[in-house]
Amino acid sequence: MDKVVLIVFVTPLLLFFILFYRRITWLRLIKSKHMKNQLPLGTLGWPFVGETIEFISCAYSDHPESFMDKRRNMYGKVFKSHIFGSPTIVSTDAEVNKFILQSDAKAFVPSYPKSLTELMGKSSILLINGSLQRRIHGLVGAFFKSQQLKVQITREMQNYVQQSMTNWKEDQPVYIQDETKNIAFQVLVKALISLDPGEEMELLKKHFQEFMSGLMSLPINLPGTKLHQSLQAKKKMVKLMLRTIESRRECGISKVPKDVVDVLLNDENDRLTDELIADNMIDMMIPGEDSVPVLMTLAVKYLSECPTALQQLREENVKLKKLKDQLGEPLNWSDYLSLPFTQTVITETLRIGNVIIGVMRKAMKDVEIKGYFIPKGWCVLAYFRSIHLDDKNYDKPYQFNPWRWQDKDTSTCNFTPFGGGQRLCPGLDLARLEASIFLHHLVTQFRWYAEEDTIVNFPTVRMKRRMPILVRRVES
């Protein structure tokens, strides 16, 4: 019995001291190896977990940037940390981030938490490098920029938005995030694989939501865990994608592509296998479930809190609608994107909302940027949010102010809502187009209110996960 007790209590202690000794040895090696090349200031936090717990807890708080602000004040804009299991250099410096974003795979490659990389797979466009990544990014980017797709997206977006808004009732709350998720997902899936609404779309959406739930889960792939459930959901989606691709090959691939599957199948690159295409169709659905709906929801939130901006947006869109009605013409994609104040509202929403907070990379060699040393093998987090909310870059950065963009250039390293470099989001123009269409129909058809008995024009609507509002239809 004494031996059992000894084993139970002593073994964990012995294991802890062995791991602790290995960590100390590793730190000494790092220090001696890079004595000449000084690492940025900072701390690696607790053994094993580093500063991950504080980073995540801050990310889900009312002040997500508090983790960064605290360390920026202590160590400067670039500092060392240890998050998601890796020693990491965190950059909140615009010029350093620009260098990282524009570097090729010889210097930096994508690096994300283990659960995310396992779910995405090695063939994901988010993770692959070199000529294959450039080829896929170029093909998809060119198709997303094509007038053909913009016409299709405009038509589909108008239809889905109108179908959704037709069902809105004045005495029942409308959950903006739910509505925009449903709309954006259908529009994007149509552009990717030409799937129309129906049972198959609903099944795909169900599997996709299960897949998304495990993106930031613990990296434990055992039955019952989030990661395992997400991987099973992805397998089901891959089968659906492969059936679509097989059907497309049997019927003959259209030389004039109607969707992204056609674009990739028409390419003669042998490395573009059916399995790779299927995997990447799933990855490309993420904006339809996450970033685009969040952009539209946040725009509604910020407009609700700024009556002057909402009024100017409404006047601009009503004026365009009346003009097109008089001409007897429907609105086309260029009409929506030509609305100057609408575009400043979307730009300001991207800045203050930070739909994409940053990107992670791994250094493939020792790199020095602006005097900051990044060792080979370390991760780098290029954090956009702190730059977008820095009072040195923007006057009153926490204030929603679309007018700041009327005379301001958006092509600056201080504004990177979609990333940059070779991995710049290929769907950035489509995100703006979808948001423009949604806002146009919303402000020309409705006024909205907080859930109160007393109706007050344009009150502050407290941001909740699903963003409930009460609506009232207005005269056309």
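In this chain, residues are counted from 1 in sequence order. Just so it is clear, the model here is predicted, and its values are computed rather than measured.
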Non-hydrogen side-chain atoms of [X] and [Y] separated by less than 4.5 Å:
{"X": "Pro340", "Y": "Thr344", "answer": "no"}
{"X": "Met120", "Y": "Ile286", "answer": "yes"}
{"X": "Trp168", "Y": "Trp448", "answer": "no"}
{"X": "Gln311", "Y": "Leu303", "answer": "no"}
{"X": "Lys98", "Y": "Glu95", "answer": "no"}
{"X": "Asp178", "Y": "Asn182", "answer": "no"}
{"X": "Ile374", "Y": "Val380", "answer": "yes"}
{"X": "Gln312", "Y": "Trp403", "answer": "yes"}

Mind checking side chain to side chain contact (heavy atoms under 4.5 Å, CB included) for [X] and listing every partner two or more places apart, or none if nothing turns up?
{"X": "Asp335", "answer": "Leu320, Lys324, Leu331, Asn332"}
{"X": "Ala94", "answer": "Ile387, Cys413, Asn414"}
{"X": "Met201", "answer": "Phe185, Gln186, Val189, Leu195"}

Q: If a pair satisfies ring-ring contact (aromatic ring centres under 6.0 Å, His included) and one of its residues is in residues 119-164, list it, with sequence neighbours excluded.
A: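 Applying ring-ring contact (aromatic ring centres under 6.0 Å, His included) to every pair that reaches into residues 119-164, excluding sequence neighbours, yields nothing.
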For [X], check salt bridge (charged side-chain N to carboxylate O under 4.0 Å, His left out) against everything at least two apart and list the hits.
{"X": "Asp391", "answer": "none"}
{"X": "Lys70", "answer": "Glu54"}
{"X": "Asp429", "answer": "none"}

Would you say the side-chain atoms of [X] and [Y] include a donor-acceptor pair closer than 3.5 Å?
{"X": "Glu316", "Y": "Thr342", "result": "yes"}
{"X": "Glu65", "Y": "Ser386", "result": "no"}
{"X": "Trp405", "Y": "Thr410", "result": "no"}

Sequence neighbours excluded and cut-off under 3.5 Å, please list the side-chain donor-acceptor pairs for residues 436-443, or say none.
from: Ser436; atom 1: OG; to: Gln343; atom 2: NE2; distance (Å): 2.9
from: Ser436; atom 1: OG; to: Arg432; atom 2: O; distance (Å): 2.7
from: His440; atom 1: ND1; to: Asn317; atom 2: OD1; distance (Å): 2.9
from: His441; atom 1: ND1; to: Gln162; atom 2: OE1; distance (Å): 3.4
from: His441; atom 1: ND1; to: Gln445; atom 2: NE2; distance (Å): 3.2

Q. What is the minimum heavy-atom distance between Leu119 and Lys234, and which atoms define it?
A.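 For Leu119 and Lys234, the tightest heavy-atom pair comes out as O-NZ, 2.6 Å.
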Q) Closest heavy-atom contact between Phe446 and Arg314? A)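 Looks like O-NH2, 3.0 Å.
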With sequence neighbours excluded, what pairs up with [X] under the ring pair (Phe, Tyr, Trp, His ring centres under 6.0 Å) test?
{"X": "Phe418", "answer": "none"}
{"X": "Tyr302", "answer": "Phe400"}
{"X": "Trp333", "answer": "none"}

Ion pair [X]/[Y], N-O distance below 4.0 Å:
{"X": "Glu315", "Y": "Lys319", "result": "no"}
{"X": "Glu210", "Y": "Lys236", "result": "no"}
{"X": "Asp390", "Y": "Arg72", "result": "yes"}

Q) Strictly under 6.0 Å, is that where the ring centroids of Phe84 and Phe55 end up? A)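 Yes, the ring of Phe84 comes within the 6.0 Å limit of the ring of Phe55, centre to centre.
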**Q.** Geometric cation-pi criterion, Arg351 with Tyr394: 6.0 Å, 45°
**A.**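 Yes, a cation-pi geometry holds between Arg351 and Tyr394.
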**Q.** Contacts of type side-chain hydrogen bond (donor to acceptor under 3.5 Å, both in side chains), residue Asp279, not counting sequence neighbours
**A.**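 Listed in chain order: Ser123.
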